[in-house]
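The block underneath contains the structure these notes are about, expressed in structure tokens.
For reference, positions follow the sequence shown, starting with 1.
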Amino acid sequence: MGIRGFENRLEKAVEGTVSRLFRGTVKPVEFARKLQREMDGHRSVGVNGRTIVPNHYSFGISDTDHEQLVDIIQTLTRELADTARRHARDEGYGFVGPVEVSIESDPGVRAGVVAVEGRFVESDDARSPGSLLLPTGDRVPLGEYTVSIGRQHDCTIVLADPNVSRVHGEVVPAGSGFAVTDLGSTNGTSVNGTKISGSRQLADGDEIRFGNTVMTFEAS
């Protein structure tokens with residue numbers, strides 16, 4: 001699903017076929033291939049013994065190719081960041097900070113060629129990066145603060161779900177990562193289908209259900 005999944009998601013995001021959108025020499029699949037090769041080729045071992053890979057990726061393409069892609073650069077960079085997170089999850093890699101992708105024109109790059117440079121850029125604090133992926137596709141970054149979830153208007157994440165309590169739960173910093181806590185909600189909170197009591201430490205890819213709303217924790 002890696003490369004093909006990237007192409008499928010990109011087609012859906014831009015509401016058109018990849019072949020129609022990329023009539024020039026640069027192909028979207030090359031971005032994903034170069035990204036994965038950069039990740040695999042620059043693996044390192046972190047202080048905790050876990051394999052880590054770069055989290056900042058700078059792509060360089062020709063002026064002509066950049067002009068062709070300018071209208072969908074934002075979508076393309078978002079899908080590439082998602083591809084990096086998925087590949088890291090599949091391979092058991094970790095990041096030292098949030099994943100960021102940029103695509104810039106580079107006069108030194110020929111048309112049809114995709115250049116990429118990966119860098120390790122640490123978070124502002126020592127905590128492993130994390131985010132909550134919402135059903136809408138939006139991401140809520142996590143840090144040294146509490147993220148509250150519920151129907152109440154002053155919650156960090158407001159859910160229009162009648163099965164969610166006014167202040168249903170929260171995600172908080174815990175150890176070197178994050179934990180989810182149920183705040184005595186009526187319908188409870190579950191992680192990967194198991195209802196929790198109190199708090200539960202989160203792992204990359206965990207699915208958290210508040211009422212009928214499911215969001216995913218990503219450790220990147």
Side-chain angles (χ1 to χ4, degrees), residues 1-44 46 50-121 123 128-139 141 204-205 207 215-220:
M1 278 296 292
I3 299 297
R4 186 56 191 163
F6 163 76
E7 286 190 313
N8 290 339
R9 293 191 304 273
L10 185 58
E11 284 185 352
K12 292 178 182 178
V14 299
E15 298 181 347
T17 63
V18 168
S19 59
R20 177 177 64 80
L21 287 165
F22 295 84
R23 290 173 179 163
T25 50
V26 66
K27 304 299 181 185
V29 68
E30 286 305 312
F31 287 91
R33 285 174 177 161
K34 286 290 184 75
L35 174 67
Q36 292 188 1
R37 288 171 187 163
E38 187 75 1
M39 294 176 73
D40 295 339
H42 290 81
R43 292 171 294 182
S44 185
R50 185 181 184 186
T51 300
I52 57 174
V53 291
N55 57 302
H56 275 222
Y57 297 91
S58 302
F59 286 88
I61 55 178
S62 71
D63 293 343
T64 301
D65 288 332
H66 190 272
E67 183 177 344
Q68 178 191 25
L69 300 177
V70 67
D71 291 337
I72 62 166
I73 287 288
Q74 186 174 358
T75 300
L76 183 56
T77 54
R78 183 178 66 246
E79 292 301 329
L80 286 168
D82 283 347
T83 296
R85 296 184 185 98
R86 287 184 172 90
H87 188 58
R89 189 174 299 129
D90 290 345
E91 299 297 325
Y93 299 155
F95 299 106
V96 297
V99 176
E100 293 189 14
V101 176
S102 64
I103 302 174
E104 304 292 342
S105 59
D106 185 338
V109 177
R110 301 191 317 273
V113 174
V114 177
V116 63
E117 178 186 13
R119 295 183 296 130
F120 293 87
V121 180
S123 303
S128 298
S131 62
L132 293 175
L133 176 62
L134 307 186
T136 58
D138 296 320
R139 276 188 176 77
D204 186 37
E207 290 190 344
M215 55 189 71
T216 304
F217 171 71
E218 294 184 333
S220 59

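Shortest non-hydrogen contact noted between F95 and A219 is CD1-O, 4.3 Å. Shown here for S105 and D63, the closest heavy-atom pair between the two residues is CB-OD1, 3.3 Å. T83 and Q36 get closest at one heavy-atom pair: CG2-NE2, 3.9 Å. Here the closest heavy-atom approach between residue V99 and residue A84 is recorded as CG1-CB, 4.1 Å. For the pair G130 and F217, the tightest heavy-atom approach, listed with the atom from each and the gap, is CA-CE1, 4.2 Å. Closest approach of P54 and H42 over heavy atoms only: CD-O, 3.7 Å.
Between the D65 side chain and the G112 main chain, a donor and an acceptor come within less than 3.5 Å of each other. Side-chain N or O atoms of E30 include none that pairs as donor or acceptor with a backbone N or O of V114 at under 3.5 Å. In terms of modelled atom types and a separation under 3.5 Å, the side chain of N55 and the main chain of V96 share no donor-acceptor contact.
Using a cut-off of 4.0 Å between Lys/Arg side-chain N and Asp/Glu carboxylate O, R43 and E91 are scored as not salt-bridged. Contact check on D40 versus R37 returns no salt bridge, with no Lys/Arg side-chain nitrogen under 4.0 Å from an Asp/Glu carboxylate oxygen.
Checking each of E100, E218, E79 against R85 for a salt bridge (Lys or Arg N to Asp or Glu O under 4.0 Å) leaves exactly one that passes, namely E218.
A distance of 4.5 Å separates NE2 of H66 from CD1 of I73, quoted to the nearest 0.5 Å. Taken to the nearest 0.5 Å, the OG1 atom of T77 stands 6.0 Å off from the CD1 atom of I103. How far OG of S131 is from CE of M215: 11.5 Å, rounded to the nearest 0.5 Å.
Ring pair H87/Y93 is perpendicular by interplanar angle, where above 60° counts as perpendicular and below 30° as parallel.
A heavy-atom distance below 4.5 Å is found between the side chains of D82 and R139. The side-chain heavy atoms of L80 and F59, taken from C-beta on, include a pair separated by under 4.5 Å.
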Query - Intermediate values then yes/no, side chain to side chain contact (heavy atoms under 4.5 Å, CB included), Y57 and K34 - result: CA-CA 10 Å; Y57 297 91; K34 286 290 184 75; over 6 Å; no
